[in-house]
Structure formats: C-alpha cells, structure tokens
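Working notes for the structure below.
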Protein chains: 2
Amino acid sequence: MAKPMREPTFWILTALAAEPRHGYGVLQEVSRLTGGQVKLLAGTLYAALDRLTAEGLVEADHDEVVDGRSRRYYRLTSDGATALEAEAERLRLSARTARQQLAAGRPELGPALGRTAAFPKLGRLA
Amino acid sequence: MAKPMREPTFWILTALAAEPRHGYGVLQEVSRLTGGQVKLLAGTLYAALDRLTAEGLVEADHDEVVDGRSRRYYRLTSDGATALEAEAERLRLSARTARQQLAAGRPELGPALGRTAAFPKLGRLA
DNA sequence: CAGCAATATAAAGATCACTTGAGTATGAGG
DNA sequence: CCTCATACTCAAGTGATCTTTATATTGCTG
C-alpha cells in the first residue's frame, strides 16, 4: 500500500487529472475545484511538481511562452492516475468508516445495521 | 478550516468514536477497522494521544489494571467528534472531486451517466 | 522452566512534506 | 507610475510521523 498523500499532493494530481496544466494553472484549478477552500502556496507547488516528476506520477508535457512569461505544462502519468484513483478510494472508505463509527457512538436510537464492517480486503461490493 | 489530519490521527479518532478505549486497544481497533491495512506504531500512537489530549479532541476517561498491566482509557470529546465529522466530510468531497476529474480526463466514451465536471472546460488561452 | 509472543506504555532522534518568507521577472490596468 | 496578477525559484523552519529503544507483566510452548 502506498503511503497516504498529503493534501497539496492530492490536489495537484487531481488538478492534472483532466488535462495538462502549468504550475500557476494548477494553483488556480485547485482553488476552483475546492471552491476556494484549498489554496496551494507557490513554494509547496513547485517543490511538489519536482518530487512528483521524480516519482513518475507526473511528467513535463511541454513548455510555452504566453505574454512573455514561460510556462511549463505537466501531465498526469498513468502511474499518477492509478495512484490518484487508489487514493480517492482510500479516502472514500476512510470517510465511510469514520461516519459509521461516529453513528455507532451516538445515542443508540435502535439497533442499526449489522456490526461495523470495514475495508474490504479483496473485491467486494458493499 | 482546520488543517487536514494525517492518517494516524484520523484513525485514532475513528477508533475512539464508538466507545472509549485504551492505547493498545486503539491499535487493535484501527487494524480491525481497516482490515489490517493500517497498523499504527506505538510511538506514533502515544505521542498522538498526548497531542490530541492537549488539543482537546480526546481526553483521559479512566485508568484500570487488567492482568497486572495498567491501561489508560481515552474518549473522544465533543470537539473531537465535530473535528472527525468535518474531516470525514472533507475526505468524501475530495474523493468525489478526484473521481470526477479522472473521469473527465479519460477518453470520452460518450456523455457520462452521472455528471462530469459541469465546469467550463476550454477557454483560458491556448 | 526457559524463551518468546503479546500486552501495555514511554521517549529520544531522524525524516520529509509542507509552511513561511523572500526574491526574480513580465504584462496589464487604473 | 504603481500595483496587481502572472509565473517560477529557493532557503530555512515546522511538526506529525517513523524508527528505535526501553521498561514490565502475563501466557504459551518446547
């Protein structure tokens, strides 16, 4: 199992999932995707892009100059897409488990559903 | 907005959500809840319990001695429950957004059933 | 009964993504 | 002119986690 991603890393990969973007474009896309709730810092972003490139989760797509400013575009690699899918699934299951446990701890208003299951180890279906 | 939790912190709170437990019991509960996929380390656990107590997200419940070993039980505070609920919701939304973006990036096989990003796609420069 | 696993907690140092804060440079708009 | 937005870079500091080590008791097994 891969180590869990930190929030900035998760959002950088998510911002690149639909199409290639340059660094500053990632900043804007993350802000847009999160309704302004997550704002990456420049220092975090560029360091993370270098690290993710070294890890093979993203790669440089092409460079271009717009209005005299150079941009470097990055795209998600297939390893990056796989890692992001796995992370999204991990988050989904984690959220579900937390909700179940919280419900189990609240004033029991009656026998709810079966005992709290968990992370399926193998293919499952919920 | 509170800072996102790291994985061990999230699972410690989740393990305490249904009922008070002692440190070692948290270790076992986390392993159970995650189907053995997450195993907290003792060093991480006890340091985190101290930190979370200082932050008011958990608090000591009572001490007891079982088979000659002393246990210290902890319980989630109401602030802790609120924080965990918020975190679970954040995870749920993050997972959903990542999935949508990944779907938007995959070869479009036709109009999606659910809904892909209902956001403007092209436009900015290019 | 010796030895090891499991139970139960504690604490020191290392690690590394992230934060903070500063800097460089161009172009657009008031 | 001056400021904001764009676009990227780098160094130092932070902090939760990881790693390792230590302590002590009980239960199981050879």
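Hydrogens, waters and symmetry mates are skipped; everything else that's a heavy atom, side chains included, is used. Within every chain, numbering begins at 1; the chains are lettered A, B, ... in the order of the sequence lines, protein sequences first and strands thereafter.
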Seminar exercise, completed: So OH of B:Tyr74 and CG of B:Leu16: to nearest 0.5 Å the spacing works out to 10.0 Å
Problem set entry | Residue that, paired with B:Glu7, satisfies side chain to side chain donor-acceptor pair (under 3.5 Å) out of A:Lys3, A:Arg90, A:Arg6 | A:Arg90
Seminar exercise, completed: Whole-Å distance, A:Glu55 CD to C:dC16 C1', equals 11 Å
Exercise. Taking only N and O in the side chain of B:Tyr46, is any of them less than 4.0 Å away from OP1 or OP2 of C:dT9?
Worked result: yes
Problem set entry | Nearest-Å distance for atom pair CH2/P, residues A:Trp11 and C:dC18 | 14 Å
Seminar exercise, completed: Rounded to the nearest 0.5 angstrom, the CZ-OH distance for A:Arg21 and A:Tyr73 is 9.0 Å
Exercise. Within the distance-only criterion (no hydrogens, no angle test), does the side chain of B:Thr97 pair as donor or acceptor with the backbone N or O of B:Leu93 below 3.5 angstrom?
Worked result: yes
Exercise. What does nucleotides 17-23 of chain D look like as a protein-contact string, B for base, S for sugar-phosphate only, - for none, at under 4.0 angstrom between heavy atoms?
Worked result: SBB----
Problem set entry | Donor-acceptor contact present, side-chain B:Ser70 to main-chain B:Val65, <3.5 Å | no
Exercise. Does C:dA6 have OP1 or OP2 sitting under 4.0 Å from an N or O in the side chain of B:Gln28?
Worked result: no
For this session: To the nearest 0.5 angstrom, please state how far the CD atom of B:Glu29 sits from the NE2 atom of B:His22.
Result: 11.5 Å
Exercise. If you measure from CZ on B:Arg71 to OH on B:Tyr24, what distance do you get to the nearest 0.5 Å?
Worked result: 10.5 Å
For this session: Report the residues that fulfil salt bridge (Lys or Arg N to Asp or Glu O under 4.0 Å) with A:Arg72, sequence neighbours left out, ordered by chain and then residue number.
Result: A:Asp63
For this session: Starting from C1' on D:dT9, measure out to CG on A:Leu45 and report it in whole angstrom.
Result: 11 Å
Exercise. Which ones in residues 60-85 of chain B lie close to DNA chain D, meaning a heavy atom under 4.0 Å from one of its atoms?
Worked result: B:Asp67, B:Gly68, B:Arg69
Problem set entry | Backbone of B:Ala98 reached by a side-chain donor or acceptor of A:Thr14 within 3.5 Å | no
Exercise. Once you round it to whole Å, what is the distance between P of D:dA7 and CD of A:Glu29?
Worked result: 14 Å
For this session: Round to the nearest Å and state the distance from A:Asp50 atom CG to D:dA11 atom C1'.
Result: 15 Å
Exercise. When the distance from CG of A:Leu49 to C1' of D:dA7 is rounded to whole Å, what number comes out?
Worked result: 12 Å
For this session: Quickly work out the A:Leu27 CG to D:dC8 P distance and round it to whole Å.
Result: 9 Å
